There are 2 protein chains.
Amino acid sequence: MSNSQIVKDPIREEILNGARELFERFGFKKTTMEDIARQIGKSKSALYYYYKTKEEIFEAVILNDIEASQAKVADAVKKESSALSKFRVLFTSLLEDVKYKANKFSIFKTDLYENHFLFENIVKKRDSYIEELIKDILILGISQQEVKMMNNAEMSLWAKMMNITLKGTANKIFLEDEFNLTNSQLVFIADTYFNGVRS
Amino acid sequence: MSNSQIVKDPIREEILNGARELFERFGFKKTTMEDIARQIGKSKSALYYYYKTKEEIFEAVILNDIEASQAKVADAVKKESSALSKFRVLFTSLLEDVKYKANKFSIFKTDLYENHFLFENIVKKRDSYIEELIKDILILGISQQEVKMMNNAEMSLWAKMMNITLKGTANKIFLEDEFNLTNSQLVFIADTYFNGVRS
DNA sequence: TTTCGACCAATTTGGTTTATTGGTCAAAGG
DNA sequence: CCTTTGACCAATAAACCAAATTGGTCGAAA
């Protein structure tokens, strides 16, 4: 992705690493630009040479993290050959990742509620990425005669719906500590979405 | 349901009607107990003879409304005979209802963000109701050999997942004005969840 | 049984002052 | 030319406080 340009520059990388550590500990609001600058031993103004706004830094931090996750997921999906197992792996690894991040990034729950505008771009990018991934699985499945014929609009719609499902589930996992799904449950869910409940 | 006791008393009904009008216009926070009392020509203290807290009134107002919707949905579902068409009707009528309410209750978007604790009980009740409805459809489908064999845990899990999907979709419709689904799209979605995408 | 006004504690509001913060800029270093 | 900086500003947030509201209680009246 063209976004990997963001970390081409070692100083940008330094900024993002420093920022990430602070964001993870204190959240978006309580992390000031001076905090970030101090963290890497530079002055506040220096940050503005590399990033236009605080939001841009935050977005870059999160986006970096998301892209790493997505690369892992895409890799795992690529390893599978059938559409079903690709879909299964997509489903499980995506939600496994969320489970992990629910612990690590619990501080962002607050930001998620209070500053959800911060995540607008991030969410939009992530959505379209996931939906493309799902659509690709469908296309492959059709070409392998594993998936029934669908037109483009239908594929997009199904991908969007699956993404909503994924996000709804992720949300529940992320925000409600009680909600936990075992791996075999995730597999069951993915399979049932793929195969339906019809006898 | 035992909740219909809530409106057994004509004065309670009067309170709820007055309260509903104000809540719909001003939301939860900006509607005071005195406003509600004035609306029905009684004193504030009188309200406390019937309801313990302001939250309880709000909950009763919303619950009344939800129960009416649910009765309609349940009726529509009952009219269908196959599990697939039941599921289809459940899906479409539930989301049709949300589309309608997104206009009528747009004031609650604020409350939804700022006072989501208010909806905790409501959501819990609604969830279990919908999940039971879905599970019943599965059970019937299995008995009609229309749906593949599943054990109880699997049925519950699928019902829960479908509810998450439904809620995710409803949320998108309710909070994002752009997101609109035609009836034929809803039918496609429901059918595809039921039948899967397998060829 | 039902209604009410007086009452209270807690929260909210409105307004002011002070401190912090995001962001700009011209100048200086390398 | 690229990078860094401190001084600076406008805007927001925090701290504070007094006054007004508001949710909820209670004894008494109807």
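Letters A, B, ... mirror the listed sequences (proteins, then strands); counts begin at 1. From a predicted model like this one, the values you see are computed outputs, not experimental measurements.
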side-chain hydrogen bond (donor to acceptor under 3.5 Å, both in side chains) partners of residues 138-149 of chain A, not counting sequence neighbours, each pair once: A/Q144-A/E146
Salt bridge (Lys or Arg N to Asp or Glu O under 4.0 Å) contacts touching residues 79-96 of chain B (sequence neighbours left out): B/R88-B/D191, B/E96-B/K99
Nearest-Å distance, CZ (B/R38) to C1' (C/dG5)? 15 Å
Return the value, rounded to whole Å, for the distance between atom CG of B/L47 and atom C1' of C/dG5. 14 Å
When every nucleotide of nucleotides 22-29 of chain C is labelled 5' to 3' by its protein contacts under 4.0 Å (heavy atoms), B for base, S for sugar-phosphate only, - for none, what sequence of letters results? BBBB----
At 10 degrees resolution, what angle do the end axes of the helix from C/dG14-D/dC17 to C/dG30-D/dC1 form when each is taken over five base pairs? 30°
Could you state the NZ-C1' distance from B/K42 to C/dC4, rounded to the nearest angstrom? 11 Å
Output the rounded distance in Å from OH (B/Y49) to P (C/dT2). 4 Å
Is the B/F119 to B/F58 ring centre distance short of 6.0 Å? yes
Residues pairing under side-chain hydrogen bond (donor to acceptor under 3.5 Å, both in side chains) where one sits in residues 110-122 of chain B, two or more places apart or in two chains, turn out to be B/E59-B/N121
Can you sort out the partners of A/K101 under salt bridge (Lys or Arg N to Asp or Glu O under 4.0 Å), two or more places apart, ordered by chain and number? A/D65, A/D97
Closest non-hydrogen contact found for B/I40 with B/E14 is CG2-O, 3.6 Å
Separation of D/dT3 C1' from A/R12 CZ (nearest whole Å): 13 Å
Distance alone, cut at 3.5 Å: any donor-acceptor contact between the side chains of A/S69 and A/Y100? no
Charged N-O contact under 4.0 Å between A/K167 and A/D127: yes
How many Å lie between NZ on A/K30 and P on C/dT20, as a whole number? 14 Å
